[in-house]
> 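Sharing a structure with you now.
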Amino acid sequence: MKKIAVVLSGCGYLDGSEITESISLLIALNQAGAQVSCFAPDIDLNEIDHVAKNPTGATRNVLKESARIARSHVESLAHLHAKDFDAVVFPGGFGAAKNLCNWAEKGAACDVNAEVKRVILEFFEASKPIGACCIAPVLVAKVLGKKKVTVTIGNDAATAAEIQKTGAIHEECPVDDYITDRETKVVTTPAYMYGDAKPNEVFAGIFGLAHEIVEWA
């Protein structure tokens, strides 16, 4: 059975992992026959009121928030090592661009969380597949841009332009499909980068990504 690590960034599309994407990914990976383990960095996030869409001024812990999605089965990202897994996947949500890095603020000039960067490089150097959904491909672009990795975030021109500043290549892709870079073993899908996408469309793209990752792992 293939062992796949999923890296969460909190719980909620404005300040953590996008819940529909995360659940779609967990279901699809299990459907594909994988054994899934969840990880998240043990850091704080700035809480957003999801009704008003404004910061509350409060902070929450990313690891504890991620446990809401993982049904408490989550470990600190510090415990994730490529030698123990066959692949790693990052669901999207603003948490990927705010908590795992500061892309939301700085774009291509962003800094990536040290543990996130270590994990991406470990899996890349071990020639093990890396998956990313929605905005999370920016993490891969920032860390592996110099390797000319190809990723997709759909058809958002501004984000695609920032991705290309990292040295990575951006390829347009519909919401229900995914892009595979066979050289770097990176698989990406746009998901809710198409803001008006239906959950079944998001699932279709993530389902394809998950099966590709498991097949490859």
Side-chain angles (χ1 to χ4, degrees), residues 4 6-32 36 38 40 45-55 60 62 65-66 68-70 88-105 107-108 110 112 116 130-142 150-163 168 170-181 186-213:
I4 313 292
V6 170
V7 179
L8 300 170
S9 60
C11 180
Y13 85 110
L14 294 175
D15 55 1
S17 288
E18 209 294 322
I19 297 167
T20 307
E21 291 177 10
S22 301
I23 301 308
S24 295
L25 179 62
L26 296 176
I27 291 170
L29 287 170
N30 277 279
Q31 274 186 338
V36 182
C38 293
L45 62 83
N46 294 314
E47 181 188 70
I48 300 289
D49 177 332
H50 282 242
V51 176
K53 299 185 179 177
N54 294 324
R60 290 177 179 245
V62 172
E65 285 294 287
S66 299
R68 295 170 182 268
I69 292 174
V88 63
V89 188
F90 295 83
F94 252 129
K98 285 181 175 177
N99 306 333
L100 304 188
C101 67
N102 53 5
W103 181 281
E105 184 188 345
C110 77
V112 177
V116 173
I130 299 167
C133 311
C134 190
I135 193 64
V138 302
L139 296 166
V140 182
K142 181 61 180 178
T150 298
V151 298
T152 189
I153 47 81
N155 64 358
D156 183 300
T159 307
E162 284 298 308
I163 282 173
H170 180 266
E171 197 169 313
E172 284 197 12
C173 178
V175 64
D176 56 359
D177 204 355
Y178 58 94
I179 295 291
T180 301
D181 182 336
V186 168
V187 189
T188 51
T189 188
Y192 279 116
M193 285 303 289
Y194 288 96
D196 56 355
K198 304 288 190 293
N200 60 301
E201 295 169 333
V202 169
F203 180 79
I206 291 175
F207 179 89
L209 173 144
H211 281 255
E212 180 91 337
I213 288 276

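Please read these numbers as outputs of a predicted model, since none were measured by experiment.
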> How about Val138 and Ile163: do any of their side-chain heavy atoms sit closer than 4.5 Å?
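They are in side-chain contact.
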> Taking the side chain as every heavy atom from C-beta outward, state whether Asn46 and Asp15 have any pair of such atoms under 4.5 Å apart.
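A side-chain contact is absent here, since even the closest heavy-atom pair is not under 4.5 Å.
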> Do Pro137 and Thr152 touch side chain to side chain, with heavy atoms closer than 4.5 Å?
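Not touching, per the 4.5 Å side-chain cut-off.
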> Atom NE2 in His170, atom CG in Asn155: separation rounded to 0.5 Å?
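Going from the NE2 atom of His170 to the CG atom of Asn155 covers 8.0 Å.
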> Ignoring hydrogens, what is the shortest heavy-atom contact between Ser9 and Ser17? Give both atom names and the distance.
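Nearest pair, atom of Ser9 first, then Ser17: N-OG, 2.7 Å.
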> Decide yes or no for Pro190 and Asp156: does some side-chain heavy atom of the first lie under 4.5 Å from some side-chain heavy atom of the second?
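With C-beta onward as the side chain, the pair stays apart.
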> So how far is it from Leu26 CG to Ile4 CD1, rounded to the nearest 0.5 Å?
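Leu26 atom CG to Ile4 atom CD1 measures 12.0 Å (nearest 0.5 Å).
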> For the atom pair NE2 (His50) and CG (Leu14), what is the distance rounded to the nearest 0.5 Å?
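With rounding to 0.5 Å, NE2 (His50) is 4.5 Å from CG (Leu14).
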> Nearest 0.5 angstrom please: Ser24 OG to Gln31 CD, how far?
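Going from OG on Ser24 over to CD on Gln31, the span is 10.0 Å.
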> Do Ile69 and Ile19 make a side-chain contact, defined as non-hydrogen atoms from C-beta onward lying under 4.5 Å apart?
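Touching, per the 4.5 Å side-chain cut-off.
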> What heavy-atom pair brings Cys133 and Ile206 nearest, and what distance separates the two atoms?
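Scanning both residues completely, I find the closest heavy atoms to be SG-CG1, 4.1 Å.
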> Could you check whether any side-chain heavy atom of Phe90 comes within less than 4.5 Å of a side-chain heavy atom of Cys134, counting everything from C-beta outward?
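Of all side-chain heavy-atom pairs linking Cys134 with Phe90, none is under 4.5 Å.
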> Ala191 and Glu21: which non-hydrogen atoms are nearest, and at how many Å?
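Here Ala191 and Glu21 meet closest at CB-OE2, 3.3 Å.
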> For Cys173 versus Tyr178, what's the shortest heavy-atom pair and its separation?
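Looking at all heavy atoms of both residues, the shortest contact is SG-N, 3.6 Å.
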> Flag the pair Leu25 / Leu209 as yes when at least one side-chain heavy-atom distance between them is below 4.5 Å, and no otherwise.
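Of all side-chain heavy-atom pairs linking Leu209 with Leu25, at least one is under 4.5 Å.
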> Given Tyr192, which partner from the list Ile135, Val175, Thr20 fulfils the side chain to side chain contact (heavy atoms under 4.5 Å, CB included) test?
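Among the candidates, only Thr20 passes.
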> For Tyr194, is the OH atom crowded, meaning more than 12 foreign heavy atoms sit under 6.0 Å from it?
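Counting other residues, nucleotides and ligands, OH of Tyr194 exceeds 12 neighbours.
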> Under the side chain to side chain contact (heavy atoms under 4.5 Å, CB included) test against Ile153, which residue among Glu172, Met193, Glu162 passes?
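Per the side chain to side chain contact (heavy atoms under 4.5 Å, CB included) rule, the option paired with Ile153 is Met193, out of Glu172, Met193, Glu162.
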> Side chain to side chain contact (heavy atoms under 4.5 Å, CB included) between Lys142 and Cys110: does it pass, once the steps are laid out?
CA-CA 8 Å; Lys142 181 61 180 178; Cys110 77; 3.8 Å; yes
> Considering non-hydrogen atoms only, spot the tightest contact between Leu8 and Ala40 and give its length.
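The pair with the smallest heavy-atom distance is O-CB, 3.4 Å.
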> Rounded to the nearest 0.5 Å, how far does CD1 of Ile48 lie from CZ of Phe94?
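One finds 9.0 Å between CZ of Phe94 and CD1 of Ile48.
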> Hey, are the side chains of Lys98 and Leu45 touching, using non-hydrogen atoms and a 4.5 Å cut-off?
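A side-chain contact is absent here, since even the closest heavy-atom pair is not under 4.5 Å.
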> For Glu65 versus Cys11, what's the shortest heavy-atom pair and its separation?
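Shortest heavy-atom contact: O-CB, 3.3 Å.
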> Give a yes or no answer on whether the side chain of Asp49 reaches the backbone of Ala52 with a donor-acceptor pair at less than 3.5 Å.
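Yes; at least one donor-acceptor contact below 3.5 Å.
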